[in-house]
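Single-structure report; data block below.
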Amino acid sequence: MKHAMVGVKLAVLLLALFVAAPVMAQDDGFPGPGPMGMKSKIELPLYVNGTYAEDVLFDSSLTVNMGQTYQTADGIRQVDFVATHWHAVGYSRVLGRRIAFTLTPDAAQPTSTATAQSSGSDYPAVLTFRATYDAHIEGLTTLRGLWGLATGSVRSIPPGLSGLDVGKAFEFSDGVATYEFRGGKCAHKVEAECQAAPAVISTSTPSAE
């Protein structure tokens with residue numbers, strides 16, 4: 001009987017921890033100032049001559065410099081941050097080429113924000129990520145100074161399984177067909193696919209070529 005009671009108590013304790021964990025995560029608040037690294041997966045649809053062809057999956061490594069959290073005039077907490085390093089690589093079966101995204105060298109990166117949706121807690125928050133980036137299409141071309149935007153409601157930073165809409169629309173051609181990447185999404189299926197990673201302090205601009 002004692003063993004049964006111990007088992008019941010343990011099960012109740014584990015259940016309590018499981019249920020409480022998401023609430024505790026929301027109470028952590030926005031990250032403090034300084035560099036923060038994160039990795040994720042991004043899924044972008046590729047169109048050929050205006051017709052959908054495939055979804056290309058990119059493995060992304062990002063470092064941002066977080067600012068100090070402050071309170072807006074509306075009494076809502078907000079934190080600003082700027083991308084300092086980004087390298088995302090995917091492979092297109094249709095093109096038969098690797099494609100890589102990196103931050104545009106020497107470009108002044110725009111400010112990104114995370115803004116709480118209420119005055120009582122930092123999360124959930126609306127995250128808006130902005131970047132000026134280059135797209136390297138292996139052995140074909142490099143498009144420079146493109147504008148990137150990702151936004152969505154998050155319950156943590158890094159955003160974990162929270163969905164983000166990724167806005168990347170640009171065209172290029174191989175002289176035969178016209179290719180276009182349109183807006184996509186973060187393609188996370190498990191928590192580990194969008195999590196904290198070592199911050200990259202010294203930036204470089206690797207390409208797919």
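When only modelled atom types and interatomic distance are considered, T113 and D80 share no side-chain donor-acceptor pair under 3.5 Å. A donor-acceptor contact closer than 3.5 angstrom links the side chains of E54 and S92. Side-chain contact, T178 with E171: no donor N or O sits under 3.5 Å from an acceptor N or O.
Between E43 and K41, no side-chain nitrogen of the basic residue sits less than 4.0 Å from a carboxylate oxygen of the acidic one, so the salt-bridge criterion is not met.
With hydrogens and angles disregarded, a donor-acceptor distance shorter than 3.5 Å links the side chain of R97 to the backbone of E138. Using a distance-only test at 3.5 Å, with no hydrogens or angles considered, no donor-acceptor pair links the side chain of D55 to the main chain of L46. No donor-acceptor pair under 3.5 Å is formed between the side chain of T63 and the backbone N or O of G37. Distance alone, capped at 3.5 Å, places no donor-acceptor pair between the D74 side chain and the I76 backbone.
The shortest heavy-atom contact between I42 and S60 is CD1-CB, 3.9 Å. In this structure, P158 and M36 approach most closely via the heavy-atom pair CD-SD, 4.2 Å. Contact detail for F101 and I99: the closest heavy-atom pair is CE2-CG2, 4.1 Å. Across every non-hydrogen atom of G50 and R182, the tightest pair is O-NH2, 4.0 Å. The heavy-atom pair separating G96 from Y91 by the smallest distance is CA-OH, 3.3 Å. Among all heavy-atom pairs drawn from R130 and S112, the shortest one is N-OG, 2.8 Å.
Between F81 and F129, the angle of the ring planes stays under 30°, which puts this pair in the parallel group of the 30/60° scheme.
In this structure, L140 CG and L95 CG are separated by 7.5 Å, a value rounded to the nearest 0.5 Å. With values rounded to the nearest 0.5 angstrom, L103 atom CG is found 11.5 Å from D106 atom CG. Atoms CG and OG1, from D122 and T69 in turn, are 6.0 Å apart once rounded to the nearest 0.5 Å. To the nearest 0.5 angstrom, R155 atom CZ is 9.0 Å from S121 atom OG. Considering OH of Y52 and CD of E180, their distance stands at 14.0 Å, rounded to 0.5 Å.
Taking the centre of each ring, Y123 and F30 come in below the 6.0 Å mark. Residues Y179 and Y47 place their aromatic rings such that the two centres sit no closer than 6.0 Å.
In terms of hydrophobic clustering, with Ile, Leu, Val, Met, Phe, Trp and Tyr side chains grouped at heavy-atom distances under 4.5 Å, V126 and I157 are assigned to different clusters. Taken together through direct or relayed side-chain contacts under 4.5 Å among Ile, Leu, Val, Met, Phe, Trp and Tyr, L149 and W86 form parts of separate hydrophobic clusters. Note on L146: it clusters hydrophobically with V166, by side-chain heavy-atom contacts below 4.5 Å among ILVMFWY residues.
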Between T84 and N65, does a side chain to side chain donor-acceptor pair (under 3.5 Å) hold up when you go through it step by step?
CA-CA 7 Å; T84 58; N65 189 32; over 6 Å; no
Start with the C-alpha gap between T72 and Q78, add the side-chain angles, then the distance that decides, and say whether side chain to side chain donor-acceptor pair (under 3.5 Å) holds.
CA-CA 7 Å; T72 68; Q78 178 172 308; 5.9 Å; no
Test side chain to side chain contact (heavy atoms under 4.5 Å, CB included) applied to L164 and V154, step by step:
CA-CA 8 Å; L164 294 180; V154 302; 3.9 Å; yes
Begin with the C-alpha distance, continue with both residues' side-chain angles, and end with the deciding distance and a verdict on side chain to side chain contact (heavy atoms under 4.5 Å, CB included) for T132 and W147.
CA-CA 5 Å; T132 302; W147 173 256; 4.3 Å; yes
Could you go step by step and tell me if Y133 and T102 meet the side chain to side chain contact (heavy atoms under 4.5 Å, CB included) rule?
CA-CA 6 Å; Y133 70 100; T102 60; over 6 Å; no
Under the criterion side chain to side chain contact (heavy atoms under 4.5 Å, CB included), I'd like the reasoning laid out for R77 against V79: C-alpha separation, chi angles, the key distance, then a yes or no.
CA-CA 7 Å; R77 282 168 59 83; V79 63; over 6 Å; no
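At a threshold of 4.5 Å between non-hydrogen side-chain atoms, the residues P45 and V56 do not count as touching.
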